[in-house]
2 protein chains.
Amino acid sequence: MNIEKEKDLASSRARIMKALAHPTRIFMVELLSRKEMSVGELTAAVGADVSTVSKHLSLLKQEKILSHTRDGKTVNYSLICPCILEFIHCLDEVISPDAGKGSSCSLVRK
Amino acid sequence: MNIEKEKDLASSRARIMKALAHPTRIFMVELLSRKEMSVGELTAAVGADVSTVSKHLSLLKQEKILSHTRDGKTVNYSLICPCILEFIHCLDEVISPDAGKGSSCSLVRK
DNA sequence: ACTTCATTTGGTCTTTTTGCCAAATTACAA
DNA sequence: TTGTAATTTGGCAAAAAGACCAAATGAAGT
């Protein structure tokens, strides 16, 4: 692969990473991996202003991580691809594969 | 796990994500997964100001993703844990597991 | 049509992130 | 010690991201 293509790929990856690179957003993705939730429920769970939560959600939607369906006057969000959760957990599993063993990889402490 | 612990974990994960959430940084990690490189080599490869590259590197160092050793007047950077690369590729593999198949998961296009 | 509840959008302010320049540091060689 | 190449640091301006309020929109129910 040539260097320009590699840079493009890096940009694509960085966009996704960036969408997940926020405590509230990553937490919401974790919550949504368990069950779909409305904006109100998510707002209560994360403890922030509704408008803030809504904007986080639309960012994740824009990056095609979440989808939403309207049900009456509430809007439910859910993971488009539940495997994104695996990706996040990949951080814990892969980056600190042997948390107890005193390995050199210990980026995320549980 | 209680909700506060979950939020803490989300923050830890977000810190790592954030360190990787930049085209240049993610590209450098990819390069460094192949072989260790000096600041000068990386600068040439990514095409940015040396000082900029140096700052990106120290951010990655701070997050314990990279380590460095001095060799004469050059400094060589390398991945502390090569498995971080697997994590990044996890984005491609896990998030769009079946790129050709017309799946609903297609965040990263190659 | 009028209200009410849930969510989104617009606007603004603050904080963080980037990127470059110039100056400082480090190591080595003459 | 002087000079030179490689890297880091400090400082500053521009750009992006985040948070909150207020106003707008959407979907029922009265």
Side-chain angles (χ1 to χ4, degrees), chain A residues 7-8 10-29 31-32 35-80, chain B residues 7-8 10-29 31-32 35-80:
Chain A
K7 286 186 186 179
D8 286 350
S11 291
S12 296
R13 289 169 173 162
R15 257 202 318 281
I16 313 290
M17 289 279 194
K18 202 178 281 196
L20 294 170
H22 189 286
T24 299
R25 289 196 297 264
I26 216 169
F27 182 38
M28 293 196 301
V29 168
L31 291 173
L32 291 172
K35 65 172 192 301
E36 75 171 34
M37 294 171 77
S38 68
V39 179
E41 293 173 313
L42 286 166
T43 299
V46 308
D49 193 276
V50 202
S51 69
T52 301
V53 170
S54 177
K55 278 174 182 171
H56 280 312
L57 289 169
S58 62
L59 200 165
L60 289 165
K61 198 171 57 189
Q62 187 189 308
E63 290 305 329
K64 309 232 194 300
I65 292 168
L66 303 182
S67 64
H68 64 299
T69 59
R70 186 174 261 278
D71 174 23
K73 57 180 95 167
T74 74
V75 174
N76 291 306
Y77 279 83
S78 57
L79 291 189
I80 287 181
Chain B
K7 286 186 185 178
D8 287 350
S11 292
S12 296
R13 288 168 173 163
R15 257 204 317 283
I16 313 289
M17 291 278 197
K18 199 180 282 197
L20 293 170
H22 189 287
T24 299
R25 290 196 295 266
I26 215 168
F27 183 38
M28 292 196 301
V29 168
L31 291 173
L32 291 172
K35 65 173 192 300
E36 75 170 34
M37 293 171 77
S38 68
V39 179
E41 292 173 314
L42 285 165
T43 299
V46 307
D49 192 277
V50 201
S51 68
T52 300
V53 170
S54 177
K55 279 175 183 171
H56 280 311
L57 290 170
S58 60
L59 201 165
L60 290 166
K61 198 170 56 188
Q62 187 189 309
E63 290 306 328
K64 308 230 193 301
I65 293 168
L66 303 183
S67 64
H68 65 298
T69 58
R70 187 172 260 279
D71 175 24
K73 61 180 93 166
T74 75
V75 174
N76 290 306
Y77 280 84
S78 56
L79 291 188
I80 287 182

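Just so it is clear, the model here is predicted, and its values are computed rather than measured. These values consider heavy atoms only, across backbone and side chains, with no hydrogens, waters or symmetry-generated copies. Chain naming here is simple, since letters A, B, ... match the order of the sequence lines and numbering starts at 1 in each.
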What pairs of nitrogen or oxygen atoms, one from the protein and one from nucleotides 16-18 of chain C, lie under 3.5 Å apart?
residue, atom, partner, partner atom, Å
C:dT18, OP1, B:R25, NH2, 3.1
C:dT18, OP2, B:R25, NH1, 3.3

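For A:R13, the salt bridge (Lys or Arg N to Asp or Glu O under 4.0 Å) partners at least two apart in sequence or on another chain are B:E30, B:D92.
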Worksheet item: Can A:L57 and A:H68 be said to form a side chain to side chain contact (heavy atoms under 4.5 Å, CB included), step by step?
Response: CA-CA 9 Å; A:L57 289 169; A:H68 64 299; over 6 Å; no
What pairs of donor and acceptor atoms, side-chain ones from residues 19-27 of chain A against any protein atom, are under 3.5 angstrom apart with sequence neighbours left out?
residue, atom, partner, partner atom, Å
A:H22, ND1, A:T24, N, 3.1
A:R25, NE, A:A19, O, 2.6
A:R25, NH1, A:H56, ND1, 3.1
A:R25, NH2, A:K18, O, 3.2

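Looking at heavy atoms from C-beta onward, A:L79 lies in side-chain contact with A:L66 at the 4.5 angstrom threshold. Counting heavy atoms from C-beta outward, A:T69 and A:V75 have side chains that stay 4.5 Å or more apart.
Neither OP1 nor OP2 of C:dT9 sits under 4.0 Å from any side-chain N or O of A:S51.
Rounding to the nearest 0.5 Å gives a distance of 10.0 Å between CG of B:N76 and OG of B:S67.
When all heavy atoms of A:A45 and A:L31 are compared, the pair lying nearest together is CB-CD1, 3.7 Å. Across every non-hydrogen atom of A:L32 and A:M37, the tightest pair is CD2-N, 3.5 Å. Closest approach of B:I16 to B:I65, counting heavy atoms only: CG2-CD1, 4.4 Å.
Nucleotides of DNA chain D that come within less than 4.0 Å of any heavy atom of chain B span, from the 5' end to the 3' end, D:dA5 to D:dG11.
Identified under the side chain to side chain donor-acceptor pair (under 3.5 Å) test for residues 35-48 of chain B, with sequence neighbours left out: B:S38-B:E41.
Distance, B:L57 CG to C:dG19 C1': 15 Å, rounded to whole Å.
Near DNA chain C, meaning a heavy atom under 4.0 Å away, the residues from residues 68-77 of chain A are A:K73, A:T74, A:V75, A:Y77.
Residue A:S58 is out of contact with every strand shown, counting any heavy-atom pair closer than 4.0 Å.
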